[in-house]
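Notes for the one structure printed next.
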Amino acid sequence: MYKWIGAVVVLLLILGSLMTSGLVTALLDLTAFLVLLALVWIRAVKSSDKKQNNESDNGNESTPVFKADYTNSKNIDITP
C-alpha cells in the first residue's frame, strides 16, 4: 500500500514541479526523490527481515568452528 501512495505522491510532486519554476521546482523535485528513496529503503529493510527470518526458521544459524574450553587455566583446548 505504501508503494502506491508513494507513487501517487511522487507523480503529484513532479506535476507540481512542471507547473512551477525556480526554487519551488527544485524543492518539489528533491521531495519526490526523497519519497522514492524512502520507498526503496522500506522495501530493502522488509526483504532483509524476511531473509533473516527464513534463515533462522530453517536452522541455518552459524555455529562456531572451534570450541574453547576454559576449565584448565594453564592450557586452552581449541579442538574443532
Side-chain angles (χ1 to χ4, degrees):
M1 177 157 171
Y2 292 113
K3 181 172 52 172
W4 293 107
I5 293 172
V8 170
V9 168
V10 168
L11 287 176
L12 290 175
L13 288 169
I14 291 173
L15 183 63
S17 174
L18 291 174
M19 291 190 280
T20 59
S21 64
L23 182 62
V24 176
T25 298
L27 291 176
L28 290 175
D29 287 340
L30 179 63
T31 306
F33 175 72
L34 292 176
V35 169
L36 286 174
L37 192 64
L39 289 173
V40 170
W41 180 265
I42 289 170
R43 183 173 177 145
V45 168
K46 283 184 180 179
S47 68
S48 174
D49 288 342
K50 280 184 183 179
K51 186 184 237 185
Q52 288 177 353
N53 287 340
N54 286 340
E55 286 178 359
S56 65
D57 290 344
N58 292 336
N60 292 338
E61 297 179 13
S62 63
T63 56
V65 176
F66 295 103
K67 182 176 76 171
D69 183 18
Y70 296 105
T71 57
N72 190 350
S73 62
K74 291 183 180 179
N75 297 329
I76 297 176
D77 184 20
I78 57 168
T79 58

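Note that these values count all heavy atoms, side chains included, but never hydrogens, waters or copies made by symmetry.
- Side-chain contact between Val9 and Leu13: present, with at least one pair of heavy atoms (C-beta onward) separated by less than 4.5 Å.
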message: Between Leu11 and Leu15, does the side-chain contact (heavy atoms from CB on, under 4.5 Å) criterion hold? Intermediate values first, please.
response: CA-CA 6 Å; Leu11 287 176; Leu15 183 63; over 6 Å; no
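- Both Ile5 and Leu36 belong to a common hydrophobic cluster when Ile, Leu, Val, Met, Phe, Trp and Tyr are linked at side-chain heavy-atom distances under 4.5 angstrom.
- Linking Ile, Leu, Val, Met, Phe, Trp and Tyr whenever their side-chain heavy atoms come within less than 4.5 Å leaves Val40 and Ile14 in two separate clusters.
- Here the side chains of Trp41 and Leu37 are not in contact, with every heavy-atom distance at 4.5 Å or above.
- Closest of all the heavy-atom pairs between Gly6 and Val35 is O-CG1, 4.0 Å.
- To the nearest 0.5 Å, the span separating CG on Leu28 from CG on Leu23 amounts to 9.5 Å.
- The minimum heavy-atom distance between Asp29 and Ser17, with the atom names listed, is OD1-OG, 2.8 Å.
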